[in-house]
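Just follow the structure's listing: the first ligand is 1, and inside any ligand the first atom is 1.
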Amino acid sequence: MTPGTYYIETYGCQMNVHDSEIMSALMESIDFSLTTDEKTADVVIINTCAIRGKSQHKVYSALGRFRQTRKNNPNLVIVVAGCVAQQEREALLKKSELVDLVLGTHQIAELPVMVEKIRRERVRITKTDFSRDVQSLGIKGVHPKKNQVCSFLTIMQGCSNFCSYCVVPFTRGPEQSRPLDEILEEAHWLVSNGIKEITLLGQNVNAYGLDLGSRGAGFCTLLESLNNIIGLQRIRFTTSHPKDFDENVIDAMASMDKVCEHIHLPIQSGSDSILESMRRKYTKSEYFSKIEALRDKLPGAAITTDIIVGFPGETEQDFRDTISTLDQIKYDQIFSFKYSVRPRTAAETFPDHVSEDIKKDRLAQVHELQDKITSEYHKSMEASTVEVLVEKDPSGPSGQASGRTRTNKIVNFESPITDLVGLTVKVRILEGLKHSLRGKLLQESLNKKSI
Ligand code: 5AD
Ligand code: SF4
């Protein structure tokens, strides 16, 4: 059968974005080409997220959109991948007659063979087994595109923490680290293909290697090996769990030149009793000590976090504790969510669910406070000079290029010079906006060597 085109739609986190990159590479390995026109595609892949109720519902409305496409093209293959696929398994085939392939989170590597089988035999397939062998999880490097500067690199998958609200341990399985040599090989390959910045991905990256026991290296050893790669300029990692983020990681961040001064450290709540019922395994004061140690050793580091409001049993006082935590720590940026009940999680059976109206109101208060804090940070950067790794060349009428600082702030800047992608340049900040910074290229920072 002749290959055709595929269309891919992605919901959720960076892990999902990277899984979609891998699925694209796999489709291209069987000569399918990407199309942005969903109506003419031969294969549609919906890569789903189940972390919150809202994310889960998106898959059903997305499927609805493809009803007409299927009528126009009975040979269309519809794949549902990701966490909803893993959660629903064969039930998804019953819930929607449009779905041809349910592809679980450990079965990505099977995509090309399954698509070809469905096109040949018009069968409906569920592939959702968990694999114990991390090497067979289908995690492969994705060839960087032209002018691509930053890349993800998965170092581990799954999570064994079982926070009481979270579905991830059920949809992605237990924590499994990739072998160090495999990660280093992929990192070298990315750098030799033009990548300057690597973001290490995992649900709990600071626990890297713990599941490998004495056979494995730890997270700091991994950072050290990556920090030695010539040509690599920046290393980031996400997500850190506060229980595993310790002095060793802080020392590594402070001493290794390529490791960026940014930590995403989800606190979830500022109330000890809520943290306990969330099963987060740290107290507020333990969390604060880690922030203090980080700010002591890396004074300019940016800190970001995740917050859940309206967890079962969250009283007005618990919520005020979260607000005062945000006020005290003054995060650079936060991601905040209304609690939503998830199937199979411990919190599913917890009493005292908070009403939707109260959750909405609390979330609005969190947004209002954080917007003020982020804006103040950005304003305070006006007239300063920052170092930017350029990700996009100047475009548009005003010639705006863009990139990020080591602290992960987006900077859009005017530049009369083109061909900047991949260079590290100095930018004078003209204006601090709500979500980004606007600046002007300091041309004198472009010495001949960097051009
Ligand atoms: N409800 C709301 N937010 C959730 N998160 C995870 N599970 C839930 C849930 N059931 C949030 C957490 C996590 C982020 C990725 O999503 O804040 O850190
Ligand atoms: Fe979910 Fe907790 Fe694991 Fe993060 S650490 S993925 S919140 S169970």
Report, in ascending order of atom number, the atoms of ligand 2 lying under 4.0 Å from any heavy atom of C159. 3 (Fe), 5 (S), 6 (S), 8 (S)
Looking at atom 14 (C) of ligand 1, what's its closest protein heavy atom, distance included? D306 OD2, 3.5 Å
Which residue owns the protein heavy atom closest to atom 7 (N) of ligand 1, what's the atom, and how far is it? Y165 CD1, 3.3 Å
Counting heavy atoms only, which of V168, D306, D244 comes nearest to atom 6 (S) of ligand 2? V168
In terms of residue, atom name and distance, what is the protein heavy atom nearest to atom 5 (S) of ligand 2? N161 ND2, 3.4 Å
Residue Y165 vicinity, atoms of ligand 2 by number, heavy atom under 4.0 Å: 7 (S)
Distance to 0.1 Å, residue and atom name: give those for the protein heavy atom nearest to atom 1 (N) of ligand 1. S340 N, 3.0 Å
Quick look: F162 vs ligand 2, heavy-atom contacts under 4.0 Å, and the answer is backbone
Within reach of ligand 1, part of F337 (heavy-atom separation under 4.0 Å): side chain
Is the contact between K338 and ligand 1 made by the side chain, the backbone, both, or neither, using heavy atoms and a 4.0 Å cut-off? backbone
Closest protein heavy atom to atom 6 (C) of ligand 1, given as residue, atom name and distance to 0.1 Å: I51 CG1, 3.4 Å
Please list the nearest protein heavy atom to atom 1 (Fe) of ligand 2 with its residue and the distance rounded to 0.1 Å. C166 SG, 2.3 Å
Report, in ascending order of atom number, the atoms of ligand 1 lying under 4.0 Å from any heavy atom of Y339. 1 (N), 2 (C)
Report the nearest protein non-hydrogen atom to atom 17 (O) of ligand 1: residue, atom name, distance rounded to 0.1 Å. Q268 OE1, 2.7 Å
Starting from atom 16 (O) of ligand 1, find the nearest protein heavy-atom neighbour and note its residue, name and distance. R52 NH1, 2.8 Å
Minimal heavy-atom distance between N47 and N16, with the atoms involved, is ND2-O, 3.1 Å
Once you restrict to heavy atoms under 4.0 Å, what part of I308 touches ligand 1? Side chain, backbone, both or neither. side chain
Output yes if C163 passes the N/O/S-under-2.8 Å test against atom 2 (Fe) of ligand 2; output no otherwise. yes
